[in-house]
Amino acid sequence: MEASASGAGQDVGEGTRRRLDAYTYLSARERLEHLAIMRVFCGTLLADLAVPDIMAKLRQSGGSAAALDADTLTIRLEQLVNWGNLLRSSHTVKASSISEYQRSRSRYQLSKLGERIQRDADGVLAEADAAREVSNELLALVERGLRELASLVTAPGSIEPQDGLERISTLFVQFTEFADSIRDFYAYLGQVLSRYDLDSAEYQGFKELLLDYVEAITEDVAFRAPRISAALDTLWPRIPALLDRLDAHAQGLTGLSAQGESRLEVRVQRSRGRELADWEGLRGWFSDTDGQGSQVDQLRDATLRALQSLLANAKRMLRSATGEMSRRKDLLRLARWFEEAAPQAAHDIAVAAFGLYGARHLGIPPATDEVVPAYTSWWTGPVVEVPVALRERGSRAQRGRASAVEDHSAQKERLREAARQRAAARTAAADELRSASGRFADVRLTSAALGLLLELLATALGNAQLRRLADTGGPAGFGLDSARSEDAELGIRLTVLRTAGARTVLYSADGDLLLDDLELDISRIAAAIDGEGAVDGEAEVSVS
């Protein structure tokens with residue numbers, strides 16, 4: 001069994017290779033000559049042609065193959081035979097002379113595979129870039145045909161076999177043409193929308209095509225798909241019996257057989273609609289039968305993708321209005337100029353397009369303490385150290401990934417805490433000064449309280465207004481006016497009064513301070529408001 005399976009796999013692979021060899025003539029160096037020869041054979045049914053006949057037809061059609069002589073043409077024909085596109089004919093040659101026999105003894109005819117490939121190749125060459133119209137009217141005919149077929153099959157006595165054959169053949173021809181036109185149109189649409197060099201006129205045309213034509217297609221398919229699915233659901237349980245009746249009525253090529261034990265071995269490709277697989281494909285086009293989605297769903301998704309591509313092109317064109325347009329056309333034009341230019345002109349184009357000038361030698365100044373005369377040669381002059389980055393990369397810019405931003409949140413919190421502590425200490429010192437007001441001789445101030453008092457005293461003396469005392473016959477003297485300082489944040493005010501013979505002593509942990517001829521008044525400023533909204537009275541204390 002393993003050997004048999006291996007042999008079957010080799011046979012399948014060999015058959016596939018032979019079929020693929022039939023496409024070789026389309027990519028060979030002489031493909032234009034091969035195409036002309038194959039068109040000669042495809043132009044006539046059951047063509048059985050010799051070399052002189054083929055030469056005559058090639059000269060009539062013209063082209064590159066018209067100049068082929070008999071020997072070269074024979075070589076081309078033998079190549080097509082080896083690839084499987086042509087077959088040697090077994091017809092009897094009738095000739096009136098030996099020379100005529102020699103020219104006509106080799107006759108060729110078209111193989112089925114060769115005819116199929118050439119027909120597809122001609123279709124691709126003729127209409128590959130054209131937008132194929134969708135045969136939308138065929139979908140209505142498919143719907144009507146299925147509904148009529150369902151009503152006839154479910155009626156008493158069912159449908160006549162010959163009538164069923166005609167209806168099914170017509171139905172599948174219409175459906176196949178519609179499905180092929182859908183595939184070709186959406187393939188063309190995807191090719192167009194994948195371009196990113198559409199100008200405004202092209203974009204406008206394709207926008208109308210997409211929004212109008214595609215919308216009409218999808219709406220018609222969405223409208224008729226449920227009706228077709230309903231008709232197929234009605235027909236589906238009766239399809240196997242209907243196909244058996246049709247096969248009993250007309251077997252076609254499947255009925256070929258020979259008398260006795262021998263049987264003609266022929267692979268037959270049935271007409272569309274004569275196999276259950278054809279009906280499964282038709283049903284799967286309109287209904288989700290395998291959980292993978294129907295073709296109608298895929299059509300809807302393809303339309304959505306096409307709209308997304310259209311929007312992408314619209315965004316590109318909007319960006320082009322702000323200077324962000326695609327330069328594809330400009331770059332292609334520049335590439336064509338390079339290809340057609342002479343070497344010197346190509347250098348000039350490169351300079352103009354990219355600013356690629358010739359190499360320039362830039363000097364680096366020496367150290368400031370070195371004085372190099374202008375006549376010193378570079379060969380004997382001092383060497384200047386060039387930075388490694390500039391020497392190796394031509395740039396001083398730093399390389400590598402930038403380091404992460406350092407987190408200073410802990411330092412900021414410590415600074416905020418220190419500021420809060422300093423503010424609390426100054427508030428406590430202000431409270432201490434206000435409580436000690438009028439009795440400085442009886443209390444010992446803390447270092448913070450004394451520091452705040454000295455700060456206020458220095459500010460007050462700096463703001464003092466001096467006035468000349470009245471002349472009494474003795475030495476001239478000066479008095480203090482408005483010697484005052486305050487701290488609104490702490491709510492404290494210090495007033496300094498000059499009094500002759502006054503002595504003020506401040507006792508503190510850091511030492512004692514003696515102020516001659518000065519009196520200090522400490523009070524709460526009016527900006528300090530209590531919780532009831534009333535302004536505290538000023539506590540004025542004079543210290544001698």
Side-chain angles (χ1 to χ4, degrees), residues 7-126 251-259 262-272:
Q10 292 178 357
D11 293 341
V12 172
E14 184 65 21
T16 302
R17 187 189 64 80
R18 286 199 305 269
R19 293 187 182 92
L20 293 177
D21 286 343
Y23 288 89
T24 306
Y25 79 98
L26 296 173
S27 58
R29 186 191 310 176
E30 305 85 6
R31 51 185 172 271
L32 296 180
E33 299 172 1
H34 291 150
L35 278 172
I37 294 171
M38 292 297 295
R39 284 170 179 163
V40 168
F41 281 93
C42 290
T44 307
L45 294 176
L46 294 177
D48 183 76
L49 302 175
V51 173
D53 303 329
I54 302 172
M55 290 181 62
K57 290 181 177 295
L58 288 176
R59 291 192 179 95
Q60 290 177 2
S61 61
S64 60
L68 292 177
D69 56 18
D71 294 336
T72 305
L73 180 57
T74 303
I75 294 174
R76 302 288 185 267
L77 292 169
E78 290 298 323
Q79 288 176 336
L80 290 171
V81 170
N82 294 333
W83 290 329
N85 304 95
L86 297 179
L87 301 173
R88 290 187 179 89
S89 176
S90 59
H91 289 186
T92 303
V93 177
K94 294 181 180 181
S96 58
S97 63
I98 295 177
S99 59
E100 184 180 354
Y101 171 77
Q102 290 177 343
R103 289 194 305 269
S104 305
R105 63 180 177 176
S106 298
R107 304 183 67 85
Y108 302 90
Q109 65 183 24
L110 194 64
S111 68
K112 177 183 180 299
L113 183 60
E115 188 274 337
R116 177 75 174 271
I117 293 174
Q118 181 60 34
R119 185 180 54 187
D120 293 344
D122 284 336
V124 169
L125 293 175
Q251 293 185 348
L253 291 178
T254 58
L256 292 177
S257 61
Q259 297 292 334
S262 62
R263 182 177 297 274
L264 185 61
E265 297 270 345
V266 178
R267 292 177 63 250
V268 177
Q269 183 178 357
R270 303 295 303 275
S271 300
R272 297 296 303 272

Search all heavy atoms of [X] against all heavy atoms of [Y] and return the closest pair with its distance.
X    : Y    : value
A50  : R107 : CB-NH1, 3.6 Å
I117 : Y25  : CG2-OH, 3.9 Å
S111 : G84  : OG-O, 2.7 Å

| said: If we count only N and O atoms by modelled type, under 3.5 Å, do the side chains of Q118 and D122 hold a donor and an acceptor together? | reply: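 Yes, a side-chain donor-acceptor pair sits under 3.5 Å.
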So do [Y] and [X] actually touch side chain to side chain, heavy atoms under 4.5 Å?
X    : Y   : value
Q109 : L49 : no
L110 : L87 : no
L77  : F41 : yes
D53  : V40 : no
L68  : M55 : no
L73  : I37 : yes

| After noting the C-alpha distance and the side-chain angles of N82 and D21, does the key distance pass the side-chain contact (heavy atoms from CB on, under 4.5 Å) rule? | CA-CA 9 Å; N82 294 333; D21 286 343; over 6 Å; no
| Taking N85 for the side chain and A22 for the main chain, is one N or O donor matched with an acceptor at less than 3.5 Å? | yes
| query | So, R31 side chain and A28 main chain: donor-acceptor pair closer than 3.5 Å or not? | reply | yes
| query | Should E78 and W83 be marked as a side-chain contact (heavy atoms from CB on, under 4.5 Å) after you check the CA-CA gap, both sets of side-chain angles, and the distance that decides it? | reply | CA-CA 9 Å; E78 290 298 323; W83 290 329; over 6 Å; no
| said: Please enumerate all residues that pass side chain to side chain contact (heavy atoms under 4.5 Å, CB included) together with A66, with sequence neighbours excluded. | reply: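 Result, side chain to side chain contact (heavy atoms under 4.5 Å, CB included) vs A66: none returned.
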Distance in Å, [X] [atom1] paired with [Y] [atom2], rounded so as to fall on 0.5 Å steps:
X    : Y    : atom1 : atom2 : result
C42  : R119 : SG    : CZ    : 9.0 Å
L86  : M38  : CG    : CE    : 5.0 Å
L113 : R18  : CG    : CZ    : 10.5 Å
L80  : H34  : CG    : NE2   : 5.0 Å

| Under the salt bridge (charged side-chain N to carboxylate O under 4.0 Å, His left out) rule, what pairs show up with a residue in residues 54-73, not counting sequence neighbours? |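 Sorted pair list comes back empty.
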